[in-house]
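Structure first, then comments.
Each chain gets a letter, A, B and so on, in the order its sequence line appears, and its residues count up from 1.
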Amino acid sequence: MGEGEVTAAGAAAVDARDFPHAFHVPGRAWYARSPQDVARDLLGAHLSVGSPKGTVTIRITEVEAYGGSEDPGSHAYRGRTARNATMFGPAGRLYVYFTYGMHWCGNLVTGPDGVASAVLLRAGQVVDGVELARSRRTTSKSDRDLASGPARLATALGIDGQHDGTSVDAADGHRMPDSVVSLRVRDIRSGPFSSGPRTGVSGDGGLATYPWRYWLTGDPTVSRYRTA
DNA sequence: CGGCTGATGGACT
DNA sequence: GTCCATCAGCCGA
């Protein structure tokens, strides 16, 4: 449905040298990049979240890019509020929000301090800590559904309001201390990706309908909720 | 598999 | 009062 296939050339594997300590050193690579560029680069990256019960790691398979005052689909469209404050902060933090009265969703903030932009983490494949993820997602019928959706992903990783504003570390995801969040782009090879309109974003024909949702083509963990 | 709907509470107009 | 960057269960094909 209006989905634009993206060439394999655009899906070249992320080279860690392009993002030295990306989420550790403000002002380096990620600052100069749009949330759309960061979103594409995050496909295939590994994200780990530690907790007292252990660590769960996912391979990111689906994301959406959001901007600020220029983006009608963004929480930051009408300016800074208590809820979206983290979006206006520096890159490398988690922006976590509560929606529909029951779900948490997580983003990675991508812009410089003062500029609102973020990438919504929409789906992933659990690659470590599967047992813990299953215990958190008891309604999941198969492992592919453990993190196939933004709220499912947050639940599987144990992300909730306590993580809003948490800095994302660039360290390896194994044996994480409690409540530490880690993003690992190094050595990650992602395959071809596709793009299409963002989910749940009503469009007026403007920027809101731009194809700023990205996913790894054909990946079974990509969320099934795609209609707007 | 695809479509439909109730749940449920906080943020914002 | 209205709107959600959603999900699970149920239904029919």
Side-chain angles (χ1 to χ4, degrees), chain A residues 1-3 34-36 38-40 42-43 47 58 60-89 93-111 115-126 133-165 194-215 218-228:
Chain A
M1 343 211 127
E3 297 173 354
S34 68
Q36 290 77 21
V38 175
R40 289 188 286 266
L42 285 176
L43 291 175
L47 182 70
I58 65 162
I60 298 170
T61 60
E62 179 189 357
V63 292
E64 281 176 3
Y66 286 89
S69 59
E70 79 291 348
D71 181 358
S74 173
H75 285 170
Y77 183 51
R78 291 178 176 78
R80 182 174 183 147
T81 66
R83 178 174 74 153
N84 66 25
T86 302
M87 273 189 84
F88 287 80
R93 294 178 179 174
L94 283 185
Y95 162 49
V96 183
Y97 66 91
F98 187 66
T99 190
Y100 290 102
M102 41 192 138
H103 301 304
W104 295 101
C105 295
N107 298 250
L108 278 170
V109 176
T110 62
V115 176
S117 62
V119 174
L120 173 66
L121 304 169
R122 287 199 56 86
Q125 171 193 5
V126 176
R134 287 178 186 148
S135 72
R136 290 168 170 162
R137 291 266 306 114
T138 56
T139 57
S140 181
K141 291 181 177 175
S142 80
D143 286 352
R144 90 173 69 167
D145 291 331
L146 287 174
S148 65
R152 291 171 169 182
L153 180 153
T155 299
L157 286 171
I159 290 174
D160 61 22
Q162 293 185 319
H163 291 87
D164 184 42
S194 306
S195 66
R198 292 175 294 185
T199 303
V201 175
S202 57
D204 56 357
L207 294 180
T209 60
Y210 274 43
W212 289 342
R213 170 173 173 260
Y214 307 94
W215 66 94
D219 193 289
T221 66
V222 171
S223 68
R224 56 178 280 219
Y225 304 103
R226 300 181 185 179
T227 51

| Side-chain heavy atoms of A:Arg213 within contact of A:Ser223, under 4.5 Å | yes
Spacing between [X] atom [atom1] and [N] atom [atom2], to the nearest angstrom:
| X | N | atom1 | atom2 | result |
| --- | --- | --- | --- | --- |
| A:Met87 | C:dA5 | CE | P | 11 Å |
| A:Tyr66 | C:dC4 | OH | C1' | 12 Å |
| A:Trp104 | C:dT6 | CH2 | C1' | 14 Å |
| A:Arg122 | C:dC7 | CZ | C1' | 12 Å |
| A:Leu146 | C:dA8 | CG | P | 11 Å |
| A:Arg136 | C:dA8 | CZ | P | 16 Å |

| request: Kindly express the pairing pattern of DNA chain B in dot-bracket notation, using | wherever a base pairs with another strand and counting only Watson-Crick or G-U pairs under 3.5 Å. | output: |||||||.||||.
| What's the shortest heavy-atom distance between A:Tyr66 and A:Gly73, and which atoms? | CE2-O, 3.3 Å
| field | Results of side chain to side chain contact (heavy atoms under 4.5 Å, CB included) for A:Val96 - residues two or more places apart only | value | A:Leu94, A:Trp104, A:Ile159, A:His163, A:Asp164
| field | Results of side chain to side chain contact (heavy atoms under 4.5 Å, CB included) for A:Thr81 - residues two or more places apart only | value | A:Arg83, A:Asn84
| query | What residues form a ring pair (Phe, Tyr, Trp, His ring centres under 6.0 Å) with A:Tyr97, not counting sequence neighbours? | reply | A:His75, A:Tyr95
Does [X] place a side-chain N or O at less than 4.0 Å from the phosphate oxygens OP1/OP2 of [N]?
| X | N | answer |
| --- | --- | --- |
| A:Thr139 | C:dA8 | yes |
| A:Arg137 | C:dC7 | no |
| A:Arg224 | C:dT6 | no |

| task | With sequence neighbours excluded, tell me which residues meet salt bridge (charged side-chain N to carboxylate O under 4.0 Å, His left out) with A:Arg80. | result | none
| With the sugar-phosphate defined as primed atoms, P, OP1 and OP2, and the base as all remaining atoms, what B/S/- string results for nucleotides 6-13 of chain B, 5' to 3', for protein heavy atoms under 4.0 Å? | -BBB-SSS
| query | Stacking check: are the rings of A:Tyr97 and C:dA5 less than 5.5 Å apart at their centres and under 30 degrees in tilt? | reply | no
| note | By side-chain hydrogen bond (donor to acceptor under 3.5 Å, both in side chains), A:Ser74 pairs with (sequence neighbours left out) none
| Who passes side-chain hydrogen bond (donor to acceptor under 3.5 Å, both in side chains) against A:Thr138, sequence neighbours left out? | none
Please tabulate, for the side chains in residues 144-158 of chain A, all donor-acceptor contacts under 3.5 angstrom to protein atoms that are two or more places apart in sequence or on a different chain.
from     : atom 1 : to       : atom 2 : distance (Å)
A:Asp145 : OD1    : A:Ser148 : OG     : 3.4
A:Ser148 : OG     : A:Arg152 : NH1    : 2.7
A:Arg152 : NH1    : A:Ser148 : O      : 3.2
A:Thr155 : OG1    : A:Ala151 : O      : 3.0

